[in-house]
Number of protein chains: 2
Amino acid sequence: MDLKHAKTFVAVADLGTVSLAALQLRVAQPALSRRIAELEREFGLKLFDRVGRRLVLTGGGEQLLADCRALLTSAEAVAERARALNTGGAGVLKVVGSPQIIEGAVAEFLPRYARRFPAVQVKLSAAIGWSETAAMLERGEIHLGINLMRATLPEDQRFSSVPLAPIDLLAASGPSHDFGSKGSIEIAQLAGHPLLVLETSYVFRRNFDAACRLAGISPNIVYESRTPHTLLVMAESGHGVAIIPSAMRTKGRPLRLAAITYRGKRLREHSTIYWDRRRSLPAYATAFCRMLGERMRETFPISGPTAELAARKRKGSV
Amino acid sequence: MDLKHAKTFVAVADLGTVSLAALQLRVAQPALSRRIAELEREFGLKLFDRVGRRLVLTGGGEQLLADCRALLTSAEAVAERARALNTGGAGVLKVVGSPQIIEGAVAEFLPRYARRFPAVQVKLSAAIGWSETAAMLERGEIHLGINLMRATLPEDQRFSSVPLAPIDLLAASGPSHDFGSKGSIEIAQLAGHPLLVLETSYVFRRNFDAACRLAGISPNIVYESRTPHTLLVMAESGHGVAIIPSAMRTKGRPLRLAAITYRGKRLREHSTIYWDRRRSLPAYATAFCRMLGERMRETFPISGPTAELAARKRKGSV
DNA sequence: GGAAACCTATGCCGGGTCGGCATAAGGTCT
DNA sequence: AGACCTTATGCCGACCCGGCATAGGTTTCC
């Protein structure tokens, strides 16, 4: 049973004679006659009754005809899909990132991307830490992984990358606190505050620790969490100052924010998107990287000091 | 694109290497490697990235994989259907009969038949007169046609047939009329009644006319119709005596019935089922003929004299 | 680090499949 | 009855397809 046989069967049934079907399929009549005979042999039943010069479907033939039509339709769908993929507009794209990046940047980007590439199916999932993301890339389970650049430096020969957008370290506290109109706070000034920080598995946590050492302060850490959201909730309640990345959504939360600086320079990392060098990236995937980067640079920092956000708002209205 | 290529693609995608797929499909690895290459050439895109010794699906490959699975499922459905047809239990059966036979006998029989042959699709339609039925059989539009035996005698070399059940000619009148306890009426006794008869295109009408001639009476026909139901309605209203076949449903109607006889012998015809000799009849079709005949002989006459029906009812309770 | 095992891709060759041409047999139409 | 149309089958050659052999690359194990 193959598609050629199915096509033959349907053509003969539709046209009523082998000769007409042969004309339509551009094959000699004897070859078609033989195909019908082969099909009948393979199925083990008569598909047609020979009535005069015509072939008339048997009851069994009628049922098989419907099934063969469905088969040919399915084959046409495969061909259609291949054509769509050839125009570069269709495919599957599996992307992994940290929960904050997914929530803070990628989620709102997707409708944008879908408008440009409606036939591309994007599958998002979350991973914590670079080692997990790298393993998934290597195993071919995902096409793209988003992470901070600093985290990957020692092993980046395996991967190609495109930078997305900078992410700052922010101090966040409840509304009763005031960081000043400067929009930033020198790291040394945090010394007297109770601090709510991320676990040391986070790059930002390690950077914060290093900056404290350089600034010669000993941070008063009162709470440590794997979940950045928890830090925000506790800051809101006045338990202390949360140290968080600017990629987090804080809109609508009663928080005061300031960028943390060391010697006037922001503690900053670059988020980056990676893929395995050994794998090809179709046009829609490279477009995904480029477009996501543009969108993030446009909208970042998602969260930042109040003065900066207001200035950006005025700028955006021009 | 053919089913062999689709099978290859799915096997390699599932197993991750050409070698394992070759073992599963019992084909040499080089042949499979070439099939994959051919598919990539045909589709015009890479289905797999070569990662070390493995083949890893591209995004486009993933989408085509789903479509190819659907294709193989559809092909399996064709094979399944052929198997079912080979066990004789599946197919299509197109049957034509007069409206009275369809309504009186076939309709109630179908659930019975469906319980025995659930995968056979029976398509019923009505035709008036033998010439229409014969034409449909000849054109291959239907498999079986039900008609009265007498109507087909001059041309039955073209068709094979099986007898179903006898059908009597009945006299039917309103409740105020009494045919007597005999359950039958000699045709000569109808002479003085106003008669409601079928058109001459009906075999039964022609038989009735012939019997009148033989009996030496001139029937007082006050109404003639193509529609047997109309005769019943008028009989109920007291317009006269309707002359109808016993295959009609009269249950629940306020009617008195008597079998019409000539010289004590019932005016009777045999209903018969026909098919074109040139066409094969599958087992489910021959079973249809046999079972329908049995059922009709069991349930006929559907309508008959009151005394007979009461006797049959008593007999049925034993 | 090197050897062995495993994997993909490609060349070569022969057997089998497939389709065209020719033709016999049967059916339909005028 | 003759002309035309159709199906089925024989014969033959071109080409497709799969197996074996092998080169090159990657991974695993000691």
Side-chain angles (χ1 to χ4, degrees), chain A residues 1-9 11-43 46-58 61 134-135 137-140 157-158 276-280, chain B residues 1-9 11-43 46-58 61 134-135 137-140 155 157-159 276-280:
Chain A
M1 175 64 200
D2 60 33
L3 297 177
K4 214 183 312 189
H5 278 91
K7 274 190 198 121
T8 300
F9 179 30
V12 172
D14 284 346
L15 298 169
T17 75
V18 175
S19 309
L20 287 178
L23 287 177
Q24 188 188 80
L25 297 177
R26 297 196 183 85
V27 180
Q29 172 268 324
L32 274 223
S33 186
R34 271 187 289 254
R35 278 195 209 156
I36 295 293
E38 278 156 23
L39 254 190
E40 286 184 323
R41 206 156 37 242
E42 179 181 336
F43 285 152
K46 290 187 62 167
L47 300 174
F48 297 102
D49 286 315
R50 275 68 174 169
V51 180
R53 294 187 307 193
R54 289 180 307 120
L55 297 194
V56 179
L57 276 170
T58 60
L137 284 168
E138 281 214 297
R139 289 198 298 263
Q157 288 90 302
R158 286 176 298 165
D276 189 328
R277 278 187 196 278
R278 297 171 297 182
R279 301 189 72 180
S280 59
Chain B
M1 176 63 202
D2 60 31
L3 296 178
K4 216 183 316 191
H5 279 90
K7 274 192 199 124
T8 301
F9 179 29
V12 172
D14 284 348
L15 298 170
T17 75
V18 176
S19 307
L20 286 179
L23 288 176
Q24 187 189 76
L25 297 177
R26 296 197 183 85
V27 180
Q29 171 268 323
L32 272 224
S33 186
R34 268 187 291 254
R35 279 195 206 153
I36 294 293
E38 278 156 23
L39 254 189
E40 287 183 324
R41 207 159 32 247
E42 178 182 337
F43 285 150
K46 290 188 62 165
L47 299 174
F48 297 101
D49 287 313
R50 276 67 174 169
V51 179
R53 293 187 307 194
R54 289 180 307 121
L55 297 194
V56 180
L57 276 169
T58 60
L137 284 168
E138 281 215 295
R139 291 199 296 266
E155 301 173 274
Q157 289 93 301
R158 287 178 298 167
F159 304 104
D276 189 329
R277 280 188 196 275
R278 297 171 298 183
R279 302 191 71 182
S280 58

With distance as the sole test, does A/Asp2 use its side chain to make a donor-acceptor pair with the main-chain N or O of A/Lys4 at under 3.5 Å? yes
Presence of A/Thr17 side-chain N/O under 4.0 Å of D/dC5 phosphate oxygens OP1/OP2:
no
| message | Donor-acceptor check, side chain of B/Arg50 to backbone of B/Phe48, threshold 3.5 angstrom: yes or no? | response | yes
Look at B/Ser19 and C/dT8 and indicate whether a side-chain polar atom (N or O) is within less than 4.0 Å of OP1 or OP2. yes
Separation of D/dC17 atom P from B/Asp2 atom CG, nearest Å, is 8 Å
Angle separating the five-pair end axes of the helix from C/dG1-D/dC30 to C/dT30-D/dA1, nearest 10°, is 40°
- Message: Strictly distance-based, threshold 3.5 Å: is any side-chain N or O of B/Thr58 a donor or acceptor partner for the main-chain N or O of B/Lys46?
- Response: yes
*Any side-chain heavy-atom pair of A/Glu42 and A/Glu38 under 4.5 Å*: no
Using only side-chain N and O atoms of A/Arg53, determine if any of them is under 4.0 Å from OP1 or OP2 of C/dC29. no
Using only atom types and a distance under 3.5 Å, with no angle test, would you say the side chain of B/Arg53 pairs donor to acceptor with the backbone of B/Thr17? no
In terms of heavy-atom contacts, B/Leu32 and B/Val12 come closest through CD1-CG2, 4.3 Å
In whole angstroms, the gap separating C1' of D/dT7 from CD of A/Glu38 amounts to 15 Å
To the nearest angstrom, the CG-P distance between A/Leu39 and D/dT7 comes to 16 Å
note: A/Leu15, atom CG; D/dC5, atom C1'; distance rounded to Å ~ 16 Å
Find every protein N or O atom lying less than 3.5 Å from an N or O atom of nucleotides 19-25 of chain C, and list the pairs.
from, atom 1, to, atom 2, distance (Å)
C/dG19, OP1, A/Lys4, NZ, 3.1
C/dG19, OP1, A/Arg35, NH2, 2.8
C/dG20, OP2, A/Ala28, N, 2.7
C/dG20, O6, A/Arg34, NH2, 2.7

note: B/Arg277, atom CZ; C/dG27, atom C1'; distance rounded to Å ~ 19 Å
Just by distance, do the side chain of B/Glu40 and the backbone of B/Leu47 share a donor-acceptor pair under 3.5 Å? yes
A/Gln24 atom CD is separated from D/dT6 atom C1', nearest whole Å, by 17 Å
Taken to the nearest whole Å, CG/B/Leu20 to C1'/C/dT8 is 13 Å
By salt bridge (charged side-chain N to carboxylate O under 4.0 Å, His left out), B/Glu138 pairs with (sequence neighbours left out) B/Arg158
B/His5 NE2 to D/dG18 C1', in whole Å, measures 12 Å
Any side-chain to backbone donor/acceptor pair from B/Arg279 onto A/Leu57? Under 3.5 Å, distance only.
yes
